[in-house]
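Here the structure is laid out as structure tokens; the discussion comes afterwards.
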Protein chains: 4
Amino acid sequence: MFGYKVIADRLVSLVSPKEKLEQERRQQILDAAETVFSKQGFNDARMDDLVAESGLSKGAIYWYYKSKDAIIMALFDRVFLTEMKAAEAIIDADGTAEENLRIFSQAAVADIRHFERLMSLGYEFIALASRREEVREKLQGYYKMYREILIRIIEQGITEEEFDNVDPQNTAMAFIGLYEGIALLWFIDPLGLEWDKLTETPFDMLLDSIRKKES
Amino acid sequence: MFGYKVIADRLVSLVSPKEKLEQERRQQILDAAETVFSKQGFNDARMDDLVAESGLSKGAIYWYYKSKDAIIMALFDRVFLTEMKAAEAIIDADGTAEENLRIFSQAAVADIRHFERLMSLGYEFIALASRREEVREKLQGYYKMYREILIRIIEQGITEEEFDNVDPQNTAMAFIGLYEGIALLWFIDPLGLEWDKLTETPFDMLLDSIRKKES
Amino acid sequence: MFGYKVIADRLVSLVSPKEKLEQERRQQILDAAETVFSKQGFNDARMDDLVAESGLSKGAIYWYYKSKDAIIMALFDRVFLTEMKAAEAIIDADGTAEENLRIFSQAAVADIRHFERLMSLGYEFIALASRREEVREKLQGYYKMYREILIRIIEQGITEEEFDNVDPQNTAMAFIGLYEGIALLWFIDPLGLEWDKLTETPFDMLLDSIRKKES
Amino acid sequence: MFGYKVIADRLVSLVSPKEKLEQERRQQILDAAETVFSKQGFNDARMDDLVAESGLSKGAIYWYYKSKDAIIMALFDRVFLTEMKAAEAIIDADGTAEENLRIFSQAAVADIRHFERLMSLGYEFIALASRREEVREKLQGYYKMYREILIRIIEQGITEEEFDNVDPQNTAMAFIGLYEGIALLWFIDPLGLEWDKLTETPFDMLLDSIRKKES
DNA sequence: TATGAATGAGTCTTCATTCAT
DNA sequence: CATGAATGAAGACTCATTCAT
């Protein structure tokens, strides 16, 4: 990821001013979209709200994105990509499997806190998934990546005899599912429970169940 | 639940033919709404789609519900109520805590399978929750009920020394979160994994971690 | 044609009030469209102009026609059909070929005078013809019908030895072309020349050239 | 016509390089406009289509023409002028009236074939004529010129006793109308009839009717 | 001169809701 | 109670034109 970022930064400095402007404008529009859509939902958000929020004109927005839907999809990709990159950051981590799992879990937590404002957006996308093949496929890719990272960590744990000989696939699903579910509960009732507590116990429970029992 | 149904049936037989018709019409409308909304989402569904699906006229629908939103809310309540009733059915169950937990878990599973078609509807409601106090409160109530049932079972397990002395609240959240999360993953990628398998391992993992260790 | 009209009238009286209303509304809309489109052209005409001219609401217009283009096409058909029926009226005429030709020619003249206001509409349609297969085909059908009527009259003239042994096809084209061309010139410069005079001489010239020369 | 062209060429060589560039650019724009407008019609053609077709930028086009309408008018003038020049070429011809008429007729034929692609453009202009005084006047001028040339030829024929003592004005209208009408029919149904055949017979018919009968 | 990003008034169309019958 | 024609406010999108660079 770091390497990637460096390359990306370099790329930015290499692009023409014109391309830089285009990138800026697109970010400007997606920033506005993120704010407006997460506040009002895709359907209740008006293009005029994007105009007001972005400070651009209607025409300018349509110059960069051909439709409201295109903006939604671009926003999806941006959120998606950001999360993917955040996840990739953990791959390189070395340490015991449990440490890696904890780092990953904490990253996920941090992630969710950070993208607190994106959660409603996220459920909009999920609601879309049943109707839009394209969205569903992207979400599948996203979770697949997560699963693979976790599977690798769990396999590491098994190999290094930290963990019992569990099924890595199912175990990974358990971890991911747990986090997603907890996030959902927290989204519905953010004041009802503290996020950290909400997170730690279930994680420890799962971890506990796969930790190599002394014999 | 059964008792309830009996009561409901009695109620039906006690009401006047006029009221009976009204209830039938409302169910007709909500049936159509369930189908149409789950297929197209709240926003892409047209009142004319409800007309076509229900076989009623536009005027008839507006006779029984004052707006599209009222139908959405009534549908929410119906889904909500059905789930609540399904959950209540387990309260009376007697058996060991682990048995009850398993029964509850299987009910949840059965539930989800049964309401497979309602899942997209569910995520629409969740997406709504961040913008509509009313929806959020109902969802909170729904999960609160679930939590309380689980807490009771877990407390039973602790009291009867089946389970370790875990925190009932957090443990309940872990179970609920796990199921919700797994459901979400399955919703995104239904073909990717079998539902039963998807469900059993995580459940066993959690259960394993709270089961009283021999000392 | 008369028979047709009678049937049509009967049909009207047989249709339900609902269908009658629909037909009235559609005529109302096409009447407004005729006025507005002929005055402003298809593109400069606004749906709001149709609203104002028809006395109906926007929604009512869209209830009966799904788009502006659908109205244009329906208007085309109405104009087209009216002209076709007017032409058919002449078929039954008996008399010498020359008389029939003159009747037909005068009908065409009368027709054009009557549809003076439709001429700009006509040229809009003709301009459309190069881009819209559908329009082109309808116009082709229209002129085909005209040609066939004329061919029949000319063949009658040849058979009855009123006319020389000319090629009926080409001769028919000459007559039709002449009338269309004269109409076009008159459309461009209506004050520049009187319609009757504009019409008679060319007609007589053509007629003269095919009249059986005494030998 | 040739003389004119020579003058034009001289003019070009006399102007400054700056003016020469301007003339080139304007032709470039009108060339693109001719292509785009005849393919898509005035209304469906976008300024961006002109940009793409001309290879110039938006700004450049607006540098040379202040509006889309100005381009339409300039294009009209260019087409108009070209046709006028073609017609003028015949004025000088000497020969019998019938020869001149035939030359003129063949020129018109050639003209139409040559401007086959411009016909839809032509009908766009004609459709415009009813709404735009300016366009109507130009078209009137155009046909007036044609009429005058024909009148001169016909008067020549009468004077030289080739033709009967017909009314030159009406006879000219007959010839022009005939050609315009035939062109229209061919535009609607180009495959339905061959152009040459479509043209010759009517012409011969008219000619036949005015040719001096032997007495 | 030339560019093309930006503007924003103007359009068609949609669709929840109403109401005369 | 029921119908479905009618309403009209509202919204996404277009595109001729402008103007900073």
Side-chain angles (χ1 to χ4, degrees), chain A residues 17-19 21-22 24-25 28-29 42-51 54-71, chain B residues 17-18 21-22 25 42-52 54-72, chain C residues 17-18 21-22 24-25 28 43-51 54-71, chain D residues 18 21-22 25 42-52 54-72:
Chain A
K18 188 183 293 185
E19 281 169 334
L21 176 67
E22 173 162 351
E24 275 174 20
R25 285 284 181 269
Q28 218 174 329
I29 292 166
F42 296 149
N43 269 280
D44 291 346
R46 306 283 151 243
M47 290 307 281
D48 279 329
D49 295 328
L50 293 192
V51 168
S54 68
L56 296 171
S57 72
K58 195 93 69 81
I61 291 176
Y62 277 94
W63 178 264
Y64 292 104
Y65 292 103
K66 74 175 215 293
S67 66
K68 186 181 179 181
D69 191 69
I71 295 175
Chain B
K18 186 183 284 186
L21 177 66
E22 173 162 349
R25 287 281 184 268
F42 296 148
N43 277 285
D44 292 346
R46 306 284 155 244
M47 290 306 279
D48 280 329
D49 296 326
L50 294 191
V51 168
S54 67
L56 295 171
S57 72
K58 196 86 75 75
I61 291 176
Y62 274 92
W63 180 264
Y64 292 105
Y65 291 102
K66 77 173 219 295
S67 68
K68 186 181 179 180
D69 191 68
I71 295 175
I72 292 173
Chain C
K18 189 182 292 183
L21 176 66
E22 173 164 351
E24 274 174 19
R25 286 283 181 270
Q28 220 175 327
N43 268 283
D44 291 346
R46 304 287 152 241
M47 289 309 279
D48 278 330
D49 296 327
L50 294 192
V51 169
S54 68
L56 296 171
S57 72
K58 198 88 75 77
I61 290 175
Y62 277 94
W63 178 265
Y64 292 103
Y65 291 102
K66 75 174 213 295
S67 66
K68 186 179 178 182
D69 191 69
I71 296 175
Chain D
K18 186 183 286 188
L21 177 66
E22 173 162 349
R25 287 281 183 267
F42 295 149
N43 277 285
D44 291 346
R46 307 281 156 247
M47 290 306 279
D48 280 328
D49 296 325
L50 294 192
V51 168
S54 68
L56 295 172
S57 72
K58 198 87 74 79
I61 290 176
Y62 275 92
W63 180 263
Y64 293 105
Y65 291 102
K66 78 174 221 293
S67 68
K68 185 180 179 181
D69 193 68
I71 295 175
I72 292 173

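Computation of the quantities below employed the complete heavy-atom set of this structure, encompassing side-chain atoms and omitting hydrogens, waters and symmetry-equivalent molecules. To find a chain, count down the sequence lines: A is the first, B the second, and so on, and within it residues start at 1.
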Nearest to the [X] side chain among [options], which nucleotide is it?
| X | options | result |
| --- | --- | --- |
| D:S57 | F:dT3, F:dA12, E:dG4 | E:dG4 |
| A:M47 | E:dA2, F:dA12, E:dT17 | F:dA12 |
| B:L21 | E:dA6, E:dG4, F:dA2 | F:dA2 |
| C:Y62 | E:dA2, E:dT7, E:dT13 | E:dT13 |

Heavy-atom check, side chain of [X] versus side chain of [Y], under 4.5 Å:
| X | Y | value |
| --- | --- | --- |
| A:M47 | A:Y62 | yes |
| A:Q28 | A:R25 | yes |
| D:I71 | D:L50 | yes |

What is the distance, to the nearest angstrom, from the [atom1] atom on [X] to the [atom2] atom on [N]?
| X | N | atom1 | atom2 | value |
| --- | --- | --- | --- | --- |
| A:L56 | E:dA5 | CG | P | 14 Å |
| B:F42 | E:dC15 | CZ | C1' | 18 Å |
| B:I61 | F:dA2 | CD1 | C1' | 12 Å |
| A:K68 | F:dT14 | NZ | C1' | 17 Å |
| A:D49 | F:dA10 | CG | P | 14 Å |
| A:N43 | F:dA12 | CG | C1' | 12 Å |

Checklist outcome for this item: Applying the Watson-Crick and G-U criteria (both distances under 3.5 angstrom) with [ ] for crossing and | for other-strand pairs, one obtains for DNA chain F .||||||||||||||||||||
Next on the checklist: Looking at every heavy atom in both B:D44 and B:D49, which two are closest together, and how far apart are they?
Outcome noted: O-OD2, 4.1 Å
Checklist entry - What heavy-atom pair brings A:S54 and A:I61 nearest, and what distance separates the two atoms? => result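 That closest heavy-atom pairing would be OG-CD1, 3.9 Å.
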Checklist entry - Would you say the side-chain atoms of A:K68 pair up with the backbone N or O of A:R46, donor to acceptor, closer than 3.5 Å? => result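 Looks like no, no N/O pair under 3.5 Å.
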Checklist entry - Contact class for D:A45 (heavy atom, under 4.0 Å): base, sugar-phosphate, or nothing? => result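 Counting heavy atoms under 4.0 Å across all strands, the contact made by D:A45 is with sugar-phosphate only.
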Checklist entry - C:Y65 near the nucleic acid: base, sugar-phosphate alone, or nothing, with a heavy-atom cut-off under 4.0 Å? => result nothing
Item to check | Nearest-0.5 Å distance that lies between atom OH in D:Y64 and atom CG in D:L56 | outcome: 8.0 Å
Next on the checklist: Is there a side-chain contact between B:R46 and the phosphate of E:dA16, meaning an N or O under 4.0 Å from OP1 or OP2?
Outcome noted: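 For B:R46, the contact criterion (side-chain N or O under 4.0 Å from OP1 or OP2 of E:dA16) is met.
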Next on the checklist: With a cut-off of less than 4.0 Å, is there a side-chain N or O of A:Y64 near OP1 or OP2 of E:dA5?
Outcome noted: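 It does not, given that no N or O in the side chain of A:Y64 lies less than 4.0 Å from OP1 or OP2 of E:dA5.
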Item to check | First of A:G55 and C:S67 reached from the 5' end of DNA chain E, by closest nucleotide | outcome: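 Mapping each residue to its closest nucleotide by heavy atoms, the 5'-most match is A:G55.
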Next on the checklist: Both A:A60 and B:K66 contact DNA chain E. Which one's nearest nucleotide lies toward the 5' end?
Outcome noted: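 So the residue in question is A:A60.
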Item to check | Given DNA chain F, 5'-ward residue of the pair C:R25 and A:G59, judged by closest heavy atom | outcome: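 Comparing both residues, the 5'-ward one is C:R25.
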Checklist entry - Mapping B:W63 and A:D48 onto DNA chain F by nearest heavy atom, which one lands closer to the 5' end? => result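 The residue closer to the strand's 5' end, by nearest nucleotide, is B:W63.
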Checklist entry - When only distance counts, do a donor and an acceptor, one from the side chain of C:K58 and one from the base of E:dT13, lie under 3.5 Å apart? => result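 Under the 3.5 Å cut-off, the side chain and the base do form a donor-acceptor pair.
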